[in-house]
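Notes to accompany the following structure.
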There are 2 protein chains.
Amino acid sequence: MTVTIYDVAREAGVSMATVSRVVNNNPNVKPQTRKKVFEAIERLGYRPNAVARGLASKKTTTVGVVIPDISNSIFSEVARGIEDIANMYHYNIILCNADKKKEKEIRVINTLLEKQVDGLLFMGGTVTDDHLQAFKTASVPIVLCGTTDDKDTIPSVDIDHESAAYDAVKLLIGQGHTKIGMISGTLQDPANGYARYQGYKKALEQAGIPVTEERVRVGNYRYESGYEVMKYFLELSDRPTAIFAATDEMAIGAIHAAQDQGLKVPDDLSVISVDNIRMASMVRPQLTTVAQPMYDIGAVSMRLLTKLMNKENVEMSKVTLPHEIIQRKSVAHA
Amino acid sequence: MTVTIYDVAREAGVSMATVSRVVNNNPNVKPQTRKKVFEAIERLGYRPNAVARGLASKKTTTVGVVIPDISNSIFSEVARGIEDIANMYHYNIILCNADKKKEKEIRVINTLLEKQVDGLLFMGGTVTDDHLQAFKTASVPIVLCGTTDDKDTIPSVDIDHESAAYDAVKLLIGQGHTKIGMISGTLQDPANGYARYQGYKKALEQAGIPVTEERVRVGNYRYESGYEVMKYFLELSDRPTAIFAATDEMAIGAIHAAQDQGLKVPDDLSVISVDNIRMASMVRPQLTTVAQPMYDIGAVSMRLLTKLMNKENVEMSKVTLPHEIIQRKSVAHA
DNA sequence: CTGTTAGCGCATTCAT
DNA sequence: ATGAATGCGCTAACAG
């Protein structure tokens, strides 16, 4: 039925070892023999069985990546970076969606490990002790992608979320705003949530502006929640003149909520956020935001993983990529 | 180093066959023995090796999916549907990006087959003879997802693109528009390109409206090209009062081009398209569009694939999912 | 219900 | 430069 290395060997009149050699590009094969083998392969339509090869060599040339939400444009941008580099180093990707559920994250980590991936890329939210526990049982390298663990025990690549948020709010303050509302992510999320809130807080405190409870509201990162939270802000007696949103999506939601109430952005309300998803430049007014190098986060983390898998020793196992303010049209003077 | 089924067998005082049975949930094991084995597994931290299992059983419980562009929101929506159902049937996904390059598509199909996937989902643009050729060498089922081959020889799930386009243009005509421009995709692309153009043409012809060359322009599906093409339309002496765009992204680009020239949408210009990506309801005015059930396309095709892999016989191997007009705010009377 | 025995298709020593 | 032999970790008859 299926044609194996044995069949090829017989067809070419050589041993299976020789066939294995030519398939694996081993130089110790006479060119003529190599030719014979290739012809036999062609004739028989032989296709190497990567599973058998994986069992024998203990390498699968595939890496697992766990992704919190494949339909979120941030992650799919990052995934592109991962894919490109993986492809460059001839790795394939087993992509597992984890629905942002911790339990499912742990589960897929384990099935990925069962599949004998050569390495693991983890793009999750929080890295808990349970995660660390699961990682510890792995005999292959792991790198965190767009997140970090508190203790910095696992290699990772990410931006400095607090600093990014700080820069965003700082820009608002520089424009004379003092009544600055924040649409935050959940504070349980260390990266996009808590860290970005910390950056907001730090910028205000440093400018001597009090951080008040009524000016901070938690959303769920999505457009709709940005819209809802903005409606709340609009009803405040002393409403903010500027908004810092933890994500672009929420910022866009906020802009539309304001516009739907007849406000002009940025004239009546300034809005800034963090991410720079593609949509940020596809809305009117175009969104001013702090760009996160999503493609690079994916690419760099995959590159780091290839080094680790290759047992090269890496100097920096925790890399922080730079962010950058993209000034567009959603921020104006107070 | 690695603990195998053998070690567990020894530790539990049973044979490896028994261990295999409990791991595979074979009912023919005395509860007590089962318990002993589980304890041994726990104690040793045994983790089954899916590669070895794959070699022995000739099943890998993974399916390959080739995707033209992972960063395109349409495909990532579809991927979500695929993932959900795959997960439900305990399959993992090897996701391969093909950069919309035919050559690379063929290449990844082959490596996926080498990896012994149990089935293949192909989300590509055109299905050429070379594709068919590659598919033919596969001994596992394949289904096309969001595309079709001309000869209907491969199982597929998709919408009727021509009909969707027809309905969109029909709506414009129903609103009294006669000067209707089209921002098309490349006519080489049978689904999103040619078929949608055919629908446009058919609707116009049926209404007795001539199809003119200057009212049809080709874009590349993206926002920017919609923007550019719209600028062209705006400069026409007898400019269209309505636009049918082959994709939402191009439609949004068109809307912004019009707005940037001071036109009001939909008062001065109506715009409709096909897709219904998330962004369609996140722009102002919200986009009227023909919804393509992206999640379902993914889910149904994966479900179909599971049936095929399971050798159930399926009645309809070519399924056409319904589309639906979503009336929002970008279309008005002529 | 449990154990024995063969492979699955290939990489990899070790000889030659 | 090539071949013979061994085993990777597991499933799947088959036997008992």
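Nothing here was measured: the structure is a model prediction, and the numbers come from that model. Here is the naming used below: chain letters follow the sequence lines, and residue numbers restart at 1 for every chain.
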Q | Selection from D/dG9, C/dT2, C/dG9 that lies nearest to any side-chain heavy atom of A/T2 | A | C/dG9
Q: Can you tell me the distance, in whole Å, between the CD atom of B/Q32 and the P atom of C/dC1?
A: 12 Å
Q) In whole Å, what is the span from the CG atom of A/N26 to the C1' atom of D/dA1? A) 10 Å
**Q.** Test ring-ring contact (aromatic ring centres under 6.0 Å, His included) applied to A/F75 - qualifying residues, sequence neighbours left out
**A.** none
Q: Please report the shortest heavy-atom distance between B/L113 and B/A134, naming the atom on each side.
A: CD2-O, 4.3 Å
(Q) Counting only side-chain nitrogens and oxygens, does B/N24 get under 4.0 Å of the OP1 or OP2 atom of D/dT11? (A) yes
Q: Consider the side chain of A/S15, meaning its heavy atoms from C-beta on, and name the nucleotide among D/dT11, C/dG9, D/dT2 that approaches it most closely.
A: D/dT2
Q. Rounded to whole angstroms, how far apart are NZ on B/K59 and P on D/dG9?
A. 22 Å
Q. Which residue, A/P31 or A/M16, contacts DNA chain D at a nucleotide closer to its 5' end, judged by nearest heavy atom?
A. A/P31
Q) So what does B/V14 hit on the nucleic acid, given a heavy-atom distance under 4.0 Å: a base, only sugar-phosphate, or nothing? A) sugar-phosphate
(Q) Using a 4.0 Å heavy-atom cut-off, does A/V19 contact any base of the nucleic acid, only the sugar-phosphate backbone, or nothing at all? (A) nothing
Q: Specify the separation, in whole Å, of atom CG of B/D7 and atom P of D/dC10.
A: 9 Å
Q: Would you mind telling me which of C/dT12, D/dA12, D/dC10 lies closest to the side-chain atoms of A/S20?
A: C/dT12
Q. Does A/R53 place a side-chain N or O at less than 4.0 Å from the phosphate oxygens OP1/OP2 of C/dA11?
A. yes
Q.
Any side-chain N or O of A/N28 below 4.0 angstrom from OP1/OP2 of D/dA1?
A. yes
Q. Between B/K58 and B/P27, which is nearer to the 5' end of DNA chain C once each is assigned its nearest nucleotide?
A. B/P27
Q | Minimum side-chain heavy-atom gap B/T306-B/M88 below 4.5 Å | A | no
Q. Of all the nucleotides listed (C/dT12, C/dC8, D/dA1), which has the minimum atom distance to the side chain of A/T33?
A. D/dA1
Q) Mind checking what makes salt bridge (Lys or Arg N to Asp or Glu O under 4.0 Å) contact with A/E39, not counting sequence neighbours? A) A/K35
**Q.** A/Y46 side chain, from C-beta outward: closest of C/dC10, C/dG9, D/dA12
**A.** C/dC10
Q: Establish whether the base of C/dG3 is bridged to the side chain of B/R21 by a donor-acceptor pair shorter than 3.5 Å.
A: yes
Q) Which whole-number value in Å describes the distance from A/K30 NZ to D/dG3 C1'? A) 14 Å
Q: Just compare C/dC10, D/dC8, D/dT2 and give me whichever is closest to any side-chain atom of A/T18.
A: D/dT2
Q.
Please pick, from D/dC8, C/dC1, C/dC10, the nucleotide with the shortest atom-to-atom distance to any side-chain atom of A/T4.
A. C/dC10
Q) Just how far, in rounded Å, is P of D/dC10 from CZ of B/R47? A) 12 Å
Q: Ignoring hydrogens and angles, state whether a donor on the side chain of A/T61 or B/K115 is under 3.5 Å from an acceptor on the partner side chain.
A: yes
Q. Would a 4.5 Å heavy-atom cut-off, applied to side chains only, mark A/I82 and A/M123 as touching?
A. yes
(Q) Just the rounded figure in Å: distance from C1' of C/dT4 to OH of B/Y6. (A) 9 Å
Q: Round to the nearest Å and state the distance from B/L55 atom CG to D/dC10 atom C1'.
A: 8 Å
